[in-house]
Each structure stands twice: as structure tokens, then as C-alpha cells.
Number of protein chains: 4
Amino acid sequence: MTNKIYYPLNDNTGSVQLIQSVGDDTGIVNSARVSFGKRIDSIEDKDKKLIKYLLEHEHGTPFEHNSLSFLIKAPLFVVQQHLRHRISSFNQISARYVEIKEEFYIPQNFRKQSTNNRQASIEGNDLENEKANLIYTESLKVAYSKYQELLSLGVAREQARGLLPHCTYSEYYWTCNLRSLLHFIKLRDHANAQWEIQQYAKAMKEIAKEIFPETFKIIDNN
Amino acid sequence: MTNKIYYPLNDNTGSVQLIQSVGDDTGIVNSARVSFGKRIDSIEDKDKKLIKYLLEHEHGTPFEHNSLSFLIKAPLFVVQQHLRHRISSFNQISARYVEIKEEFYIPQNFRKQSTNNRQASIEGNDLENEKANLIYTESLKVAYSKYQELLSLGVAREQARGLLPHCTYSEYYWTCNLRSLLHFIKLRDHANAQWEIQQYAKAMKEIAKEIFPETFKIIDNN
Amino acid sequence: MTNKIYYPLNDNTGSVQLIQSVGDDTGIVNSARVSFGKRIDSIEDKDKKLIKYLLEHEHGTPFEHNSLSFLIKAPLFVVQQHLRHRISSFNQISARYVEIKEEFYIPQNFRKQSTNNRQASIEGNDLENEKANLIYTESLKVAYSKYQELLSLGVAREQARGLLPHCTYSEYYWTCNLRSLLHFIKLRDHANAQWEIQQYAKAMKEIAKEIFPETFKIIDNN
Amino acid sequence: MTNKIYYPLNDNTGSVQLIQSVGDDTGIVNSARVSFGKRIDSIEDKDKKLIKYLLEHEHGTPFEHNSLSFLIKAPLFVVQQHLRHRISSFNQISARYVEIKEEFYIPQNFRKQSTNNRQASIEGNDLENEKANLIYTESLKVAYSKYQELLSLGVAREQARGLLPHCTYSEYYWTCNLRSLLHFIKLRDHANAQWEIQQYAKAMKEIAKEIFPETFKIIDNN
């Protein structure tokens with residue numbers, strides 16, 4: 001198991017770390033073959049064929065007898081996208097009980113709005129990146145100081161947080177099985193997903209690859 | 001079916017409306033009694049006893065053969081709490097594709113931070129409410145104008161929205177069955193929940209009461 | 001809504017019937033477009049394109065804001081396969097509380113065991129069908145009379161039912177949304193599924209087609 | 001982790017065994033306290049209070065960041081009850097692909113039918129247990145020999161299994177998190193549940209107790 005911390009957004013704040021996991025490629029094969037009463041300890045060629053068959057025919061249940069728990073730090077708008085994945089478990093830092101730190105996600109590269117609405121943004125080298133950065137960070141500064149002013153006045157954290165911008169960093173545990181993770185990666189490590197959540201999906205894929213190397217070899221070769 | 005629009009937060013913005021529903025009290029009884037092959041059209045005393053028994057013994061499945069769809073407008077921090085309820089369906093307006101309007105939830109009464117951390121806030125008549133309101137609305141003004149500046153510069157909506165405060169109004173469809181709704185109401189129409197989401201839970205309860213009057217009579221009399 | 005009773009197994013016993021439903025093709029489009037704040041009443045060409053896009057890109061949530069409830073009578077081995085579909089609601093007649101009637105599924109055509117294990121059975125015109133039928137029905141007769149003997153002796157139904165064969169008919173309510181139903185149909189109206197459950201999947205598809213005609217046109221043309 | 005095999009039904013056939021698990025009592029506390037950014041390695045008094053609070057207020061999510069996988073051998077009627085628990089993962093031996101062995105659950109004590117329908121059975125010392133056993137085993141003998149005859153004739157296993165009695169042993173992997181397991185135990189290790197599945201629930205509770213000792217101490221003291 002890898003304890004390496006990944007920083008998907010190339011700042012030193014956003015992070016993904018595996019906390020614990022159970023299960024590996026052999027568990028997929030064993031649960032698929034409960035039919036045949038055998039149990040294997042290592043993956044052979046016919047087992048790889050079985051995994052390939054299961055993936056292609058959407059036989060998902062053998063990929064569920066395992067568990068991965070992550071500790072993730074991400075901007076609120078990524079959290080909200082992440083929360084849409086319901087076959088998983090989620091516990092987040094609560095801005096009702098805790099004073100939130102001044103940690104915001106600030107894009108290194110601002111992207112241009114696409115005129116083709118489906119593709120939400122495009123890399124824009126003709127965008128005034130520094131100017132955008134200035135506007136962005138100025139707004140963050142005001143928001144955080146007003147948040148602080150409200151707290152000083154005695155306002156409840158759960159109300160004061162109404163001012164926190166959607167790029168505020170939050171932290172959460174996320175636990176899922178491999179079936180659910182593969183679905184997450186399929187949808188979020190995808191060109192149609194927002195660039196920021198793509199980076200989180202890529203980091204989780206790197207981590208999961210070390211635990212289920214044969215499964216990901218098959219996925220990446222298809 | 002009621003099409004009445006509820007405004008749970010006493011502004012004219014936050015809203016809850018039933019879009020469609022199917023099923024009623026008799027459906028609960030019929031699905032519980034599939035065992036006995038009968039089907040009823042109206043609720044009698046022994047049916048009320050059955051519903052009571054099912055509720056008390058946590059036999060939840062007979063409450064699942066129905067469906068309620070709501071159109072809801074709520075601040076992002078309420079949306080995030082709502083999203084935690086996984087046994088339900090959810091489609092939200094996307095700030096990636098749409099320019100968000102200048103609609104924010106502004107508390108009429110700012111509550112004081114409780115020193116008992118589990119009770120997050122308390123009604124505070126000694127709080128300088130006007131002062132809090134001034135700080136709050138000033139911050140919103142800056143955030144929205146900076147959001148607009150970024151859009152004018154050509155920045156993608158999905159990045160510019162990073163500045164939108166957590167009290168920004170969003171809109172979504174939410175569909176669930178009565179079992180899931182009862183669980184939502186139990187947790188969110190509860191003194192430990194944040195006042196704002198309590199109001200949404202109360203509005204949904206009012207709506208559901210008209211569709212399942214006998215079930216809610218039993219719940220409210222317990 | 002259709003109340004027609006389907007008899008998928010060509011005996012007069014196994015059956016599928018729609019009990020209630022809510023939602024239609026326009027609901028899919030409206031929930032997908034919550035982003036754009038419009039609501040349509042009829043399906044136009046651009047709406048069909050949207051449904052096609054959602055299906056192809058596995059954007060499943062807009063297909064969840066609806067509900068279909070079926071009353072189904074099926075052999076226990078079909079029930080067991082059906083129960084594997086977890087995103088749905090299920091209430092079944094209980095052999096603990098009710099004396100089970102002498103109703104069994106008897107195949108009209110016995111199929112041959114395939115030597116290719118993945119294809120479980122093949123049509124076999126060289127199989128002695130009458131002989132198989134004789135063996136089969138003789139066993140059912142013994143099982144049911146022994147079940148009756150146990151009940152006469154005062155044995156609890158929940159234990160006596162241990163003798164009931166896996167082809168005994170059972171009855172249940174099944175409620176799901178269109179997303180879950182489409183997944184069920186994909187896996188079970190498929191050559192790899194057992195012939196018997198295929199027939200149930202086909203009947204449910206016929207019923208659902210009347211409620212969501214545009215969605216199924218798109219699926220069937222792909 | 002315990003690898004001990006449990007035989008819940010007091011024959012040498014029905015069995016429950018833990019295959020793998022991840023997570024312990026500290027994980028519950030850590031995920032509940034993500035709010036406070038600390039992580040503990042051992043359980044102290046205030047942690048026990050937190051677990052108690054979470055259990056009493058139905059804050060279920062902190063109990064989800066763990067996983068238990070069981071290999072279970074149980075009669076088909078127990079399997080069917082087990083399958084009703086949807087928040088879990090399930091892979092069962094397939095009677096479509098495998099010839100089923102002559103292994104049946106035969107009650108040591110036949111129970112009397114209760115006249116109170118909700119309590120399905122009662123211990124009956126005035127029941128002719130030997131006579132019941134004779135009827136029961138005779139029926140099993142016929143069913144299995146007819147099943148064998150059909151297979152000899154070349155009938156597909158998936159059809160021949162229609163004759164197998166509902167007390168036939170089957171084998172499956174079952175994976176769930178502690179929240180789901182606690183719910184299973186609550187409903188199935190309960191006087192209203194059938195005696196046979198109660199024994200399985202008790203065995204799983206014994207196993208889970210060794211992994212989450214503090215949580216079960218709190219549950220058992222309430």
C-alpha cells in the first residue's frame with residue numbers, strides 16, 4: 001500500500017492520500033469464481049481473460065469485494081461534483097463546527113469560456129492571466145476578511161460560512177469499492193469533466209493501479 | 001397533488017415545489033400485504049395499525065413503492081447537505097454551463113455561535129444584526145462583481161464560479177421515495193440540523209403530508 | 001398507462017403487470033436541462049438528440065426522476081436473479097406467513113446443457129422432452145405433497161417451505177426508475193441471461209416502451 | 001483477524017467465515033472527527049462517548065469507512081432473505097454453471113406453526129419431530145434423484161435446478177461495511193426473524209465483535 005501524498009492541482013494544498021485498502025486482483029477472480037469453489041493467490045493468463053470478460057460484459061459485482069479509503073483536500077466545487085457519486089461513503093470537515101482556514105484554490109492558468117457550450121472551457125493563451133489572477137485573489141481577500149469580521153462579531157460559523165467562496169478548500173474521507181472507483185474515473189478522468197476534478201481522478205487512478213495492477217493494465221490496453 | 005410553491009426561508013427566492021408524485025397510503029399497505037394477495041382502495045383502522053407496526057419495526061421497504069419529485073431553489077450550503085442523502089436522485093443547475101444570477105441567501109436573523117460545539121448556533125438578541133447584515137452584503141457585492149469581471153475577461157464560467165459565495169442560490173430536481181424522505185425529515189427537521197435546512201425539511205413534510213396523510217398522522221402522534 | 005397483463009412464460013401463471021408509474025420522456029429532458037430553466041411539454045428533434053447524447057455518455061441521473069411499479073409472478077429462481085438488482089424496491093409474498101399454492105413453472109421446452117460453460121443452455125431438438133417433463137412433474141408432485149404433510153403435522157410454514165422446489169411461483173412488487181430498468185433490460189434481455197428471465201425483461205420493456213416511447217426508439221435504433 | 005469457521009446451524013455444512021476486513025474502532029472516530037483534523041491510534045473514554053453519540057443519533061456515515069468480506073454457506077431460503085440487504089455486495093455460486101451437490105439443510109428441531117401470524121413459529125415439544133424428519137428427508141431424496149435424472153438426460157443445469165428444494169445449500173461471498181452489518185444484525189438477530197437466519201446474524205456479530213470491540217460493547221450495553 002502506498003502512503004504517498006499526491007498534489008493534483010500543483011499547489012501545495014489540494015491533496016489525495018490513500019488511508020487504507022483491502023483486496024486485490026485475485027479477489028476479483030475469486031469472487032467471480034465462487035461458482036467453482038477454488039481460490040487463487042496469484043494471477044495467471046486465464047484469470048486476466050476472466051477480468052477482461054467481466055469488464056467487457058459489465059459484470060460489476062466481482063469488483064465490489066474490496067475497499068479503498070482516501071483522505072482528500074479539494075475546493076468546494078470539486079467536493080460538490082464528487083458528492084454526486086452515491087455508491088461510496090463520505091465524511092467531510094464541517095464548516096458549522098470549525099473555523100475554516102484561509103486556503104483557496106487559485107488557478108495557475110485561467111481557461112477561456114468555450115463558445116461551444118458543451119465543452120465548458122478551452123486553454124487560452126490569449127487570456128490575460130495575470131489580470132484574472134488579480135481580480136480573483138482580490139475577491140478572495142475580501143471574502144475571507146468579511147468572514148472573519150462576522151466571526152468576531154459572534155455570528156455562528158454555520159451562517160458566516162455563507163460568504164466563503166466556492167474555491168475554498170475542504171477536507172474529507174472518501175471510501176468506495178473498485179467498481180464505484182472505476183465508474184468515477186470513467187466519468188471524471190474524461191475530457192468532458194472539469195480540468196480540476198480530472199486531476200483528482202488521475203491521482204486516484206495512480207493509487208488504485210498499485211493495488212489492482214492487472215485490472216488497470218486491461219483497462220488501459222482497451 | 002399540490003402545486004403550491006413554498007418559500008421556506010422567508011425571502012422570495014428560496015423555494016420548494018412538488019413537480020410530480022405517484023403512490024399514496026394505500027400503496028404502503030398493499031405492498032406490505034403482497035403476502036395476502038389483497039389490494040385495498042381506502043385506509044381502515046387495521047391498515048393504520050399495520051403502518052404503525054411497519055414504522056416502529058423499521059420495515060422500510062413498503063414505503064419505497066412511490067415517488068416524489070421536487071424542484072428546489074436553495075443556497076449552495078444547503079445543497080451540499082442535501083446531496084449527502086444518497087438514496088435519491090438529483091439534477092442541479094450547472095455553473096459550468098450557465099452564468100449564475102445575483103441571487104444570494106441573506107439571513108434575516110444572524111444567530112450567535114454556541115459555545116457548546118454540538119449545538120452550532122443559538123438565537124441571539126444581543127447580536128448586532130444590522131452590523132452583521134452590512135458586512136455580509138458588502139462581501140456578496142464584491143464577490144459578484146469580481147465574478148462578472150472574470151466573465152467579461154473571457155474566463156470560463158467553471159473557473160469564475162470559484163468566487164461565488166456558499167450562500168449563492170442554486171436550483172435542482174430532487175426525487176426520492178417516502179422511505180428516503182422520512183429519513184431526510186428525521187435528520188434535517190431536527191434541532192441539531194442547521195436552521196436553514198430545517199425549513200426546507202418542514203416544507204417537504206407539509207407537501208408529503210397531503211399525499212400520505214395517514215402515515216404522517218401516525219408519525220406526528222408518536 | 002397500460003394495465004395489460006403479460007404472460008412471459010407462455011403458461012397462464014407467470015405474469016407481469018404495471019401497477020403505477022410517473023414520468024415520461026419530457027421529464028428526462030427537463031431534469032437534464034434544469035441548467036437552462038425551461039420546461040417542455042412535448043419532445044422535439046433537439047430533445048431526441050439530447051436523450052441520445054445522455055444515453056451514449058452514460059449521464060444516467062436524468063433517467064431517474066420517474067418511477068415504475070410492477071406486480072410480478074415468477075419462479076423462485078427468477079426472483080433470485082431479479083433480487084440482484086439493488087437499485088430498486090422489492091416486496092415479496094412471504095412463505096413464512098402464507099401457505100404456498102401448488103403453482104410451479106414447468107418448461108414447455110427442455111434445453112440441452114451446453115458444453116461451452118458460458119452459454120448455459122442450447123435449444124435441443126434431440127432431447128427427449130416428454131421424458132424430461134415426466135421426471136420433472138413427478139418430482140414436483142412429491143415435493144408438494146410432502147410440504148402438505150408437514151403442514152398437517154403442524155410444522156411451521158417457514159420450515160416446511162424448505163421442501164418447495166426452486167421453480168415454485170412467487171409474487172412480488174418491484175419498483176424502479178427508468179435508469180435502473182434500462183440496466184436490468186441490458187443485462188437480462190441478453191443472450192447470456194437465462195431464457196426464462198429474458199422473457200420477463202422483454203415484457204417489462206414492452207410496458208416501459210409505452211411510457212417512454214422516444215427513449216426506447218433511440219435505444220432500439222442504436 | 002479471525003479465520004475461524006462458524007457453523008451456525010449446528011450441522012457441519014452451513015458456515016460463515018471472514019475472508020478479509022479493513023478498518024477498526026479508531027476509523028469510526030477519525031472519520032467522524034475529520035472536522036477536527038486529528039487522527040487517533042487507540043480508543044479513549046471521550047472516543048467511546050463519541051461512538052455512543054453517533055449510534056444514538058443515527059449518524060451512520062462514520063461507520064462506513066471499513067469493509068468486511070464473508071464466505072457463507074446457507075440454505076437458499078436464507079440466501080433469499082440475505083439478498084434483501086441491498087447496501088452490500090454479493091457473488092453466489094451459480095446453479096446455471098455448476099452441478100449442485102446433495103447438501104440440504106435439515107432442521108434438527110421442527111418448530112410448530114404459530115397461530116399468531118406475526119410470530120411465524122414456536123418451539124414445540126409436542127411436535128412429532130421424527131415423523132417430520134422422515135417426511136422431509138424423503139422429499140429431499142426424491143428431488144435430488146430427479147435432478148440427477150434430468151442432468152443424465154442432458155437437460156441444462158439452469159432448468160434442472162428448478163427441482164432443487166429451497167433448503168439446498170448454496171455458497172456466496174458477501175461484503176458490507178459496518179453500518180450495513182449493524183442494520184443486518186438489528187433486523188435478523190431479532191426474535192421476529194426466522195430462527196435459521198438469526199443464527200447466521202449471531203455468527204457474523206461474533207466475528208465483527210473481534211474487529212470492532214468498542215462499538216459492540218456500546219451496542220450490547222444499551
Side-chain angles (χ1 to χ4, degrees), chain C residues 75-77 79-80 83-88 90 92 94-98 104-107 110-114 117-118 120-122 124 126-128 131-132 135-136 138-140 142-143 145-147 149-151 153-168 194-196, chain D residues 75-77 79-80 83-88 90 92 94-98 104-107 110-114 117-118 120-122 124 126-128 131-132 135-136 138-140 142-143 145-147 149-151 153-168 194-196:
Chain C
L76 285 171
F77 65 83
V79 177
Q80 187 168 314
L83 264 174
R84 301 293 305 273
H85 295 262
R86 290 162 291 182
I87 317 269
S88 65
F90 193 90
Q92 186 188 2
S94 171
R96 297 182 67 201
Y97 301 122
V98 171
F104 303 108
Y105 165 64
I106 300 168
F110 284 91
R111 298 186 299 277
K112 285 180 71 174
Q113 177 62 34
S114 166
N117 213 2
R118 260 173 207 152
S121 69
I122 47 178
D126 57 340
L127 189 78
E128 298 166 82
K131 204 170 166 186
I135 298 168
Y136 197 89
E138 218 177 287
S139 186
L140 299 181
V142 172
S145 81
K146 295 298 176 189
Y147 171 66
E149 277 186 55
L150 287 177
L151 295 184
L153 211 65
V155 169
R157 287 175 201 125
E158 66 181 20
Q159 280 189 318
R161 62 139 162 204
L163 298 186
L164 293 173
H166 220 29
C167 65
T168 308
Q194 185 165 345
W195 182 86
E196 281 79 7
Chain D
L76 286 171
F77 65 81
V79 177
Q80 188 168 313
L83 264 173
R84 301 293 305 273
H85 294 263
R86 289 161 291 181
I87 317 269
S88 65
F90 192 91
Q92 185 187 2
S94 170
R96 298 183 66 201
Y97 301 124
V98 171
F104 303 109
Y105 165 64
I106 300 168
F110 284 90
R111 298 186 299 276
K112 284 180 71 174
Q113 178 62 34
S114 166
N117 213 2
R118 260 172 206 154
S121 69
I122 48 178
D126 57 340
L127 188 78
E128 298 167 82
K131 203 169 166 185
I135 299 168
Y136 197 89
E138 217 176 289
S139 185
L140 299 181
V142 172
S145 81
K146 296 297 177 189
Y147 172 64
E149 277 185 56
L150 286 177
L151 296 184
L153 212 64
V155 169
R157 289 174 200 126
E158 65 181 20
Q159 280 188 318
R161 61 137 163 205
L163 298 186
L164 292 173
H166 219 29
C167 65
T168 307
Q194 185 165 346
W195 182 86
E196 281 78 7

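So that the names make sense, note that chain A is the first sequence line, chain B the second, and so on, each numbered from 1. The structure displayed is predicted, hence computed values, not measured ones.
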ask   = Looking at D/His166, D/Gln194, D/Lys146, D/Glu149, which one has more heavy-atom pairs under 4.5 Å with chain C than the rest?
value = D/Gln194

inquiry  = Is it the case that over 12 heavy atoms from other parts of the model lie below 6.0 angstrom from the CG atom of D/Leu151?
reply    = yes

inquiry  = Return the CZ to CG distance between C/Arg86 and D/Leu83, rounded to the nearest 0.5 Å.
reply    = 9.5 Å

ask   = Does atom CD1 of D/Ile106 have more than 12 heavy-atom neighbours, drawn from other residues, nucleotides or ligands, at distances under 6.0 Å?
value = yes

inquiry  = Quick check on side-chain hydrogen bond (donor to acceptor under 3.5 Å, both in side chains): which of C/Arg96, C/Glu158, C/Arg157, C/Gln159 does D/Ser121 satisfy it with?
reply    = C/Glu158

task = Please report the shortest heavy-atom distance between D/Ser139 and C/Ala143, naming the atom on each side.
result = OG-CA, 3.6 Å

ask   = D/Glu128 and C/Leu153: which non-hydrogen atoms are nearest, and at how many Å?
value = O-CD2, 3.9 Å

ask   = Is chain C contacted by the side chain of D/Ser88, its backbone, both, or neither, given a heavy-atom distance below 4.5 Å?
value = backbone

note = Of all heavy-atom pairs linking D/Gln92 and C/Arg84, the shortest is N-NH1, 4.5 Å

inquiry  = On a heavy-atom basis, which atom in D/Leu76 and which in C/Gln80 lie closest, and how many Å separate them?
reply    = CD2-OE1, 3.8 Å

task = Kindly give the heavy-atom pair with the smallest separation between C/Leu150 and D/Ala132, and that separation in Å.
result = CD2-O, 3.6 Å

key: Option in D/Cys167, D/Pro165, D/Gly162 with maximal non-hydrogen atom pairs under 4.5 Å from chain C   = D/Gly162

request  = Among D/Val142, D/Leu163, D/Leu164, single out the residue with the greatest number of heavy-atom pairs under 4.5 Å to chain C.
outcome  = D/Leu163

